[in-house]
2 protein chains.
Amino acid sequence: MPPSQRRQPKQARSRELVERILTSAGELFAGQGYPNVTTNHIAEHADVSVGSLYQFFAGKEEILAALQDKWTARLGAELDERLRVGPGTDIAETVDQVLDVHAALNRQPPGLLGFLLISTAGTDHGNGVVAAIHRRLVDLLTLRARSLSRQQMDVVASMLVHITNGLYSVGLAAGANDPAVRAEVRAALLGYLTPMLTGSDERI
Amino acid sequence: MPPSQRRQPKQARSRELVERILTSAGELFAGQGYPNVTTNHIAEHADVSVGSLYQFFAGKEEILAALQDKWTARLGAELDERLRVGPGTDIAETVDQVLDVHAALNRQPPGLLGFLLISTAGTDHGNGVVAAIHRRLVDLLTLRARSLSRQQMDVVASMLVHITNGLYSVGLAAGANDPAVRAEVRAALLGYLTPMLTGSDERI
DNA sequence: GTATTATCCGAGCTTTAGCTCGCGTTTCAC
DNA sequence: GTGAAACGCGAGCTAAAGCTCGGATAATAC
């Protein structure tokens, strides 16, 4: 399904223009808040005319969707690269890697990743984005937590998505690089996962 | 600091009108999403004229702020009432109570509490609202976790606010009454809190 | 009962976000 | 080099959100 009937950038300069638009939109969304940003702002900030913007995007929502795709793809790629898990990998190490990736991506621009993840809630497109992350997590869990039922895995994956998203988004974004906060998020994730993976969880 | 220079409702009918406006706004915000709701929608849905609405509220943002105040006050009152904790109270019980209160408030209208809590992020007013909840939690922790330093308590309180807010808001709101989801949220909170309160946490 | 204050209303004015369209410019294919 | 396609532009149109104001009604004070 094509994002819209708009023109697809073919030449290098238009691809760069689209890139500038996305970058500016990201900075503005994260900085001013989605409702306060207009397509005119984005165009101006990107040093591009509105007309050009509308050649490639149908509107603000489509820009948001494109950003979500771009960043979740980036997030997924980073995770794939770092999480070469075998059955023997230490959980704590895995959690650290995940937190590293999140923190790094959420830094430039600050808070954007968190905003994007939060803003998936409710929209059709957002559901797809979350589903992709969810799938990846279930794959990960399959390697680690074979004692869990399929249904349990789904719930656990949801939990993980929302713990990390939620924490790194709703307010903790600012403190994500604060070691104390970081340590607590780590403790929370491990506190949740450890009993489950070591089998000491009576719910299993 | 007065919310605005608007008129304060003095008579019973105007207080009821303000009430209707807030109720309608809550339903619409939770149902249609904040950006899609206009003051005209709210007035119409509340069966009130826009003019009347603007006599008591300066605009949409102020209505949101009023809703945040009202619901966090309600949340705080419910928690105070149910969480008569002494040093001997069971943690699991406390967590259950907190989840009960959240779930109940988030039910009518569905998702409103979650939306309100999320939407505090970033705004000045929202910071105040979160600070109030935060303060209450630190009080609670003071009774339970005396071994924590003041700074640690702050971080832990932040974590708790964001775990509950985040989880019950970003996507889990829909499933908040699903027993499986509920059980996982419970497990996550206990997994985080138990080591800390029993002193088996090596970070303390 | 009368003056005063509080309230309520909604047509319509103002502002602004959203968006298009025609034209000039650049790149590409051959 | 030349025609075609891709691109870039921004003044300005459109629709809708935000909001006011003057006048009518209801509550309250005395």
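In this text the structure is predicted, and so the values were computed from the model without any measurement. Note on naming: letters A, B, ... go to the chains in the order of the sequence lines (proteins, then strands), and numbering restarts at 1 for each one.
Rounded to a whole Å, the CD atom of E62(B) is 20 Å from the P atom of dA17(D). In this structure, I42(B) atom CD1 and dA17(D) atom C1' are separated by 12 Å, rounded to whole Å. The nearest whole Å value for the distance from the CZ atom in R20(A) to the C1' atom in dG8(D) is 11 Å. The CG-P distance, from N40(A) to dA15(D), rounds to 17 Å in whole Å. Atom CG of L53(A) is separated from atom P of dC7(D) by 15 Å (rounded to the nearest Å). Computed from coordinates, the Q8(B) CD to dT5(C) P distance equals 18 Å when rounded to whole Å. At whole-Å resolution of the value, CD1 in I21(B) and P in dC8(C) are 8 Å apart. Atom CD in E44(A) sits about 13 Å away from atom P in dC9(D), given to the nearest Å.
Residues F56(A) and I63(A) fail the side-chain proximity criterion, which asks for heavy atoms closer than 4.5 Å. Annotation: side chain of Y192(A) is in contact with side chain of V156(A) (closest heavy-atom distance under 4.5 Å).
A donor-acceptor pair shorter than 3.5 Å can be found between the side chains of S119(A) and Q68(A). Using modelled atom types, one finds no donor on one side chain facing an acceptor on the other under 3.5 Å when comparing N36(B) with H41(B).
The side chain of R7(A) has dA6(D) as its nearest neighbour among dA6(D), dC9(D), dT7(C). Picking from dG18(D), dG10(D), dT20(D) the nucleotide with the shortest atom distance to the side chain of V50(A) gives dG10(D). Across dA6(C), dC7(D), dT20(C), the shortest atom-to-atom separation from the side chain of R13(A) is found for dC7(D).
Contacts of S52(A) with the nucleic acid, taken as non-hydrogen atoms under 4.0 Å apart, include base atoms. The residue T39(A) sits close only to the backbone: its heavy atoms come under 4.0 Å of sugar-phosphate atoms, none of a base.
Using a 4.0 Å cut-off, some side-chain N or O of R6(B) falls inside it from OP1 or OP2 of dT20(D). Proximity of Y54(B) to the phosphate of dC19(D): a side-chain N or O atom is located under 4.0 Å from OP1 or OP2. Distances shown here put a side-chain N or O of S14(B) below 4.0 Å from the OP1 or OP2 atom of dT7(C).
Comparing D47(B) and A12(A) along DNA chain C, the residue whose closest nucleotide (by nearest heavy atom) sits nearer the 5' end is D47(B). With DNA chain C read from its 5' end, the first of the two nearest nucleotides for G51(A) and Q55(B) is the one closest to Q55(B).
A salt bridge links R182(B) with D96(B): at least one charged nitrogen is closer than 4.0 Å to a carboxylate oxygen.
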